[in-house]
There are 2 protein chains.
Amino acid sequence: MTTENLGRRERKKAATRQAIADAALTLFLERGYDAVSIKDVADAADVSVTTVFKHFSGKEALVFDLDQEMETGFVEAVQTRPSDQSVVDALHDHILALWRAFEGHSQRNQFVALIDSTPVLRAYADRMWTRHTKTLGTALAKELGQDANDPTCRAAARLILDIPALTRDGADSEAAIRAVFSLLRDGWSDGNRRFN
Amino acid sequence: MTTENLGRRERKKAATRQAIADAALTLFLERGYDAVSIKDVADAADVSVTTVFKHFSGKEALVFDLDQEMETGFVEAVQTRPSDQSVVDALHDHILALWRAFEGHSQRNQFVALIDSTPVLRAYADRMWTRHTKTLGTALAKELGQDANDPTCRAAARLILDIPALTRDGADSEAAIRAVFSLLRDGWSDGNRRFN
DNA sequence: CTACATAAGTGAAATAATTACACTTATTGT
DNA sequence: ACAATAAGTGTAATTATTTCACTTATGTAG
């Protein structure tokens with residue numbers, strides 16, 4: 001799907017990019033993120049340092065080869081949902097699907113460990129998700145017939161995109177997902193209880 | 001309160017730190033963040049580059065001289081609230097107070113413009129708030145008699161700390177605050193409406 | 001098929017943030 | 001007064017990132 005029907009040039013370009021990403025991930029998992037320089041990655045992939053920067057915006061981006069697919073995924077999830085489904089339910093299903101797909105990856109544990117142990121990568125990962133707050137918020141607003149900048153839609157979008165960040169520091173991911181969607185559906189009864 | 005009853009050493013240290021922060025802010029507002037190097041700041045404050053790094057963890061930190069006070073502020077807000085007040089109400093009050101204090105600053109507009117126009121600073125500001133998710137979440141859990149890692153408490157904490165990030169990209173701050181607390185109190189009725 | 005335009009890749013050099021190190025100087029507590 | 005300690009200095013090294021002028025491969029119009 002991604003490497004089809006393209007000219008030789010495009011194919012070679014994609015191959016180079018992939019070689020760099022692969023070399024980077026291998027080295028990072030082997031030695032740790034900070035112990036690997038961009039030059040190391042370039043050498044391992046047999047390209048120049050300049051070429052690495054032609055393909056990736058910076059060192060952190062070498063770790064996350066996805067990013068863009070995510071944004072469209074969320075937006076599509078709400079737009080193409082069955083007509084009798086609420087947007088909250090659609091997003092709930094989407095997240096669960098993403099989660100299960102991620103679970104079934106062999107390198108998953110190493111990968112998570114790499115990110116958890118590298119502050120720069122944690123920060124980058126968080127931003128990677130929350131960067132799409134505006135887009136998802138607008139998509140939600142459109143679905144519900146609200147203004148594009150509707151603050152409630154944006155806040156809801158943000159809370160949902162916070163989920164990956166919430167599943168760190170020894171938190172149970174599935175519980176975090178449940179908690180977020182419970183908040184969205186019913187609010188926070190505990191927090192609103194008064195003590196008098 | 002901050003510069004009292006300290007020895008000469010501590011006082012000079014604080015003065016140096018302040019001189020650096022002041023020089024940095026002045027230069028950043030004048031020329032823009034990227035056009036000012038750490039060396040420029042050091043020269044303007046008449047200290048060595050090394051000294052700058054002794055006081056601030058990095059270039060971004062030069063802009064945000066608060067950070068730590070914020071965390072304790074939120075935690076105290078919930079702990080010292082009147083006994084007939086819910087934690088949500090206490091946090092609502094606290095945020096509104098912070099907001100009003102910030103409004104009454106002469107440099108506020110320039111400051112906001114500086115951050116909005118500098119991607120690195122936006123990212124840093126977001127992290128600065130959400131960094132305290134775990135602490136505030138734990139404090140909330142303790143108040144409510146839940147487990148320290150209770151996912152709902154943590155999610156609620158995160159949503160509240162998201163507020164500053166939500167007030168960007170042409171969003172109305174007060175509306176964002178209202179939206180977040182409405183979500184916390186009653187959930188998201190619009191998002192849960194089904195269309196059949 | 002040829003020639004030209006263009007995009008990918010190269011290599012070197014410049015800039016700037018960040019860290020390490022060995023050193024001087026000022027402050028503090030005894 | 002003195003020894004311990006913390007603040008500050010200056011230099012040098014490391015490394016991410018950008019810029020630039022250059023080569024080479026590919027695609028394409030004629």
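Convention: sequence-line order gives letters A, B, ...; per-chain numbering from 1.
Applying a 4.0 Å cut-off to non-hydrogen atoms, the residues of residues 52-60 of chain A that approach DNA chain C are Lys54(A), His55(A), listed by residue number. Contacts between residues 29-38 of chain A and DNA chain D, counted as heavy-atom distances below 4.0 Å, involve Val36(A), Ser37(A), Ile38(A).
Closest contact between the side chain of Val49(B) and the listed nucleotides dG27(D), dT18(C), dT28(C) involves dT18(C).
Put simply, NZ on Lys12(A) is 16 Å from C1' on dT6(C), counting in whole angstrom units. For Arg17(B) and dA6(D), the CZ to P distance is 18 Å, given to the nearest whole Å. With rounding to whole Å, Ile20(B) atom CD1 is found 12 Å from dA7(D) atom P. Per the geometry, NZ belonging to Lys13(A) stands 4 Å off P belonging to dA8(C), to the nearest Å. The separation between Lys39(A) atom NZ and dT17(D) atom P is 16 Å, rounded to whole Å. Going from atom CD of Gln18(B) over to atom P of dA7(D) covers 17 Å, rounded to whole Å. The distance between atom CG of Leu62(A) and atom C1' of dT17(D), rounded to the nearest whole Å, is 13 Å. A straight line from CG of Asp43(B) to C1' of dG10(D) spans 13 Å, rounded to a whole angstrom.
Between Asp126(B) and Arg131(B), no side-chain nitrogen of the basic residue sits less than 4.0 Å from a carboxylate oxygen of the acidic one, so the salt-bridge criterion is not met. Taking a cutoff of 4.0 Å between a charged side-chain nitrogen and a carboxylate oxygen, Asp84(B) and Arg194(A) do not qualify as a salt bridge. For Glu143(A) and Arg81(A), the salt-bridge test passes: some basic side-chain N is under 4.0 Å from an acidic carboxylate O. Remark: Arg122(B) engages Asp169(B) in a salt bridge, criterion side-chain N to carboxylate O under 4.0 Å. Comment: Lys39(B) engages Asp43(B) in a salt bridge, judged by a side-chain N to carboxylate O separation of less than 4.0 angstrom. No salt bridge links Lys142(B) with Asp150(B); every basic N to acidic carboxylate O contact stays at or beyond 4.0 Å.
The ring of Phe111(B) has its center no closer than 6.0 angstrom to the ring center of His105(B).
In this structure, Lys59(B) satisfies the cation-pi test against Tyr33(B), with its NZ or CZ atom closer than 6.0 Å to the six-membered ring centre and inside 45 degrees of the ring normal.
With hydrogens and angles ignored, a donor-acceptor pair closer than 3.5 Å exists between the side chain of Arg9(A) and the base of dT6(C). Side-chain atoms of Thr50(B) and base atoms of dG8(D) include no donor and acceptor less than 3.5 Å apart.
For the OP1/OP2 pair of dT10(C) and a distance below 4.0 Å, the side-chain nitrogens and oxygens of Ser48(A) include at least one atom meeting the criterion.
Judged by distance alone, with hydrogens and angles left aside, the side-chain atoms of Thr51(A) form no donor-acceptor pair with the main-chain N or O of Val47(A) at under 3.5 Å.
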